[in-house]
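Single-structure report; data block below.
Labels below follow one simple rule: chain letters A, B, ... track the order of the sequence lines, proteins then strands, and each chain is numbered from 1. Just so we're clear, the structure is a prediction, and the values are computed from it rather than from any experiment.
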Amino acid sequence: MKVTLPDGSVREYEGKISALDVVRDISEGLARVACAVKIDGEVKGLTTELIGDIEEFVVLKFDDDGGKDAYRHTSSHIMAQAVKRLWPEAKVAIGPAIENGFYYDFDVEKPFTPEDLTKIEDEMGKIIKEDYPVERFELPREEALKLMSEMDEPYKVELINDLPEDAVISFYKQGDFTDLCAGPHLPSTGKVRSYKLLSAAGAYWRGSEKNKMLQRIYGTAFDNKKDLKAYLNMLEEAKKRDHNKLGRDLELFTTVDYIGQGLPILLPKGARIVQLLQRFVEDEEQKRGYLLTKTPFMAKSDLYKISGHWDHYRDGMFVMGDDEEGEAFALRPMTCPFQFQVFLNRMRSYRDLPMRLGETSTLFRNEASGEMHGLIRVRQFTISEGHIICTPEQVEQEFSEALKLAKFMLETLGLIEDVSYVFAKWDENNREKYIGSPEDWENTQNFMRKILDDLEVDYKEEEGEAAFYGPKLDIQIKNVHGKEDTLITVQVDFQLAERFKMEYIDSDGQKKHPIVIHRTSIGCYERTLALLIEKYAGTFPVWLSPVQAKMLTITDRSNEYAAEVASLLESRGIRAEIDTRNEKVGFKIREARNERVPYIAVIGDKEIEEGTLSVRMRGKKEDTIMTPKELADKIADDVLNKN
RNA sequence: GCCAAUAUAGCUCAGGUGGUAGAGCAGCAGUUUCGUAAACUGCAGGUCAGCGGUUCGAAUCCGCUUAUUGGCUCCA
């Protein structure tokens, strides 16, 4: 039997050998750190018995693709084994490796407490020390079902029943624990070096809220203590950047329990940032041919019946009144049907198209109570909303321009490197969620995919993520904890124009339905602010800093001077503050830094010539003697240059 | 909505097993007029998230509600 290694060398073996034997043959040191192997493109466990010649034999260490997963997957089995030892009546569900660790779901009487996690960790330590070999075996379906029934593992029985007819049903056994599992795994439990259980939480069996809620334990594992420590440290650091903490500390926003969930109060500094963003967006859109609209925050149910929201989105709306008893109104969850009325205001010609409508639009969505999170998920938010109404011939160009605008915004905010693109499609097996025929959907999706491909957007496709009226391009961003959210979306809609009887007279004199592009250029201001806080850890780019320059006085003798500088700066549109408090200047500097003020000047009290004072800028070692105007000029120059 | 944890002064946190609330910082007043990460003294600040129950007596025990956090589900 011949085994070809990545360097091209070929080794020959006789008889029964495992992947691990080959790895050992390469080097004992390598065998110690190997987690799995890739045999002709397939990731396998080290205990895999080798059959026939192998053209590509790659050893996977912890940091290689596949190696980490095997390592953490085994860690999750060790955890499950520990749980079964401590709570023999616990039923095991599934326990995969995930991006930064692993989890395992259990059906237990009582949810796990933090103390339970410690106990489980200790038990895991014993299992690792006992160093059980992890043995793989396969069973035919009947025997597999019999084994799992005997072990009284109903979730595993369900999983086996759902496996395709021809599936290989494999199990992994380590000591007193056997689990239905596709693998691959480490060769023995003793291989796991450092691990940590992070949290316990409820999770629905198979991810459906209709199913029982199981108890999930999240953990992580690394091949050395140092990396584990670094990872845990990173989690701590992420907490410090969390917009929900930092945004409150910096007095950007707050919440009040008697106002309610998902209804943040933007404090003056936070509101200032949003105002800056909003002005920037509105001006930029105007430059690009958008017409500003201002439409009502609510409408009668009639409007939503036309748009389809009444049937497809009612649970998500704040409805006032009962439309069976009389009139019902609802706060708007989207701007589309309102902005369409602008187009419908009079008869339109193809010459009016494309019509680009923009609006800084406040929306209301009755999110489920457990969903709200800081500024990321709220019940009232303001979005840079817009709809482009155009002809089929214009769609590609307009879509491209909308995407360009979005990218321009992301670049300006410094977020462009942090986003990924998702082409959100419908789910043809869940048709009640959507309006329109399967043909409509196929056509629109194919059309949109072509646009995306033409624009060379690096997207991944996801099913069931579309809006109820059409597919979307979602621009996704990860928050500081690695959780992904949609920041920006651009959608192509062939359906609502027809529902709203939107028409234009084409050059051939025929009435036609336009196509609508739903788009946002910067997303929701609240969410964008949240991501900016985390991106910059509160130290915003100068043009977005709520306070751009702060003058700190040493004694009362310099107060007047500082006030003059501040007023000169304000008159130039620079956001300046003075701190004349009777405190040590070091203390005032510390506070100004904590507030993330980009320009700090310490105003001395040495008057060399009349009308001047000694000033030292942050980071400088020397004083400069300046008039208020000279100092204001200097700060203004710096601030404007930084923009 | 579901599973859990948490809620004490503006902030960070103390207050075993029930006996009526405390510190540091911030705030205010005074002193100090000071040169790059915390000057000094004093004062004030609380329906212990809210409501209800048990009790002679509840921050503490029990129930409900609200909010926050971590997940699940859902979504911009």
Side-chain angles (χ1 to χ4, degrees), chain A residues 103 105 108 110-114 198-218 239 242 244-245 248-249 251 254-263 313 315-316 333-334 361 363 365-379 381-385 424 433 464-465 467 472 474-477 481 483 485-489 491 518 520 522-528 530 552-559 580-594 600-606 614-621 623:
Chain A
Y103 68 78
D105 287 346
V108 280
K110 283 200 184 120
F112 298 107
T113 63
L198 299 171
S199 63
Y204 297 111
W205 164 236
R206 298 193 133 184
S208 169
E209 58 183 336
K210 294 190 183 88
N211 292 338
K212 184 164 187 186
M213 181 154 275
L214 308 176
Q215 296 304 320
R216 174 173 299 178
I217 301 176
Y218 284 96
K239 271 188 203 158
D242 188 330
N244 210 359
K245 167 98 179 103
R248 290 169 197 267
D249 287 350
E251 299 197 298
T254 186
T255 49
V256 175
D257 59 0
Y258 43 83
I259 286 181
Q261 281 188 307
L263 298 168
Y313 205 78
D315 287 346
M334 283 129 173
S361 176
L363 303 179
R365 296 186 184 178
N366 193 3
E367 302 287 351
S369 61
E371 307 302 344
M372 260 64 72
H373 173 72
L375 295 177
I376 296 258
R377 266 307 266 292
V378 290
R379 282 184 167 150
F381 56 91
T382 299
I383 184 168
S384 57
E385 181 78 283
K433 265 184 80 178
E465 299 291 319
K472 308 188 286 181
D474 283 339
I475 304 183
Q476 303 289 108
I477 189 156
H481 303 298
K483 200 172 165 177
D485 267 300
T486 304
L487 190 61
I488 292 177
T489 168
Q491 308 165 9
H518 304 243
T520 163
I522 207 174
C524 307
Y525 290 98
E526 292 82 354
R527 184 174 284 186
T528 303
L552 315 178
T553 56
I554 283 177
T555 70
D556 291 349
R557 290 191 291 280
S558 38
N559 287 358
T580 57
R581 288 175 310 161
N582 186 3
E583 299 280 356
K584 287 278 186 200
V585 76
F587 173 72
K588 295 208 261 192
I589 286 172
R590 193 177 69 101
E591 285 206 337
R593 283 181 180 171
N594 282 344
I600 299 171
V602 173
I603 313 290
D605 64 347
K606 286 188 205 120
S614 52
V615 177
R616 197 175 300 178
M617 300 291 287
R618 177 175 179 180
K620 293 273 157 49
K621 285 185 179 152
D623 267 13

Sorted by chain and number, sequence neighbours left out, side chain to side chain contact (heavy atoms under 4.5 Å, CB included) with A/Glu583 holds for A/Arg581, A/Phe587, A/Lys588

Sequence neighbours left out, what passes side chain to side chain contact (heavy atoms under 4.5 Å, CB included) with A/Lys620? Give chain and number order. A/Arg616, A/Met617

Return no unless some side-chain N or O of A/His373 is found under 4.0 Å from OP1 or OP2 of B/G71. no

Sidechain-backbone polar pair: A/Thr520 side chain, A/Ser384 backbone, donor-acceptor under 3.5 Å: yes

Pull out every protein N or O sitting under 3.5 Å from an N or O of nucleotides 3-8 of chain B, one pair per line with the distance.
residue	atom	partner	partner atom	Å
B/C3	O2'	A/Gln215	OE1	3.3
B/C3	O2'	A/Gln215	NE2	2.9
B/C3	O2	A/Gly202	N	3.3

Give a yes/no answer on whether the side chain of A/Lys210 brings an N or O atom under 4.0 Å of OP1 or OP2 in B/C72. no

For the side chain of A/Thr555 and the base of B/G35, is some donor closer than 3.5 Å to an acceptor across the two? no

B/G1, OP1 or OP2 - any side-chain N/O from A/Tyr204 closer than 4.0 Å? no

N/O to N/O distances under 3.5 Å, protein versus nucleotides 25-28 of chain B:
residue	atom	partner	partner atom	Å
B/G27	OP1	A/Arg581	NH1	3.3

Look at A/Lys588 and B/G35 and indicate whether a side-chain polar atom (N or O) is within less than 4.0 Å of OP1 or OP2. no

Tabulate atom names and distances for all N/O pairs under 3.5 angstrom spanning the protein and nucleotides 63-68 of chain B.
residue	atom	partner	partner atom	Å
B/U66	O2'	A/Asp257	O	3.3
B/A67	OP1	A/Gln261	N	3.3
B/U68	OP2	A/Gln261	NE2	3.1

Is there side-chain contact between A/Ile554 and A/Ile603, with heavy atoms separated by less than 4.5 Å? no

Reading RNA chain B 5' to 3', what string of ( ), [ ], | and . shows its pairs, if Watson-Crick and G-U wobble pairs count only when both distances fall under 3.5 Å? (((((((..((((.....[..)))).(((((.......))))).....(((((..]....))))))))))))....

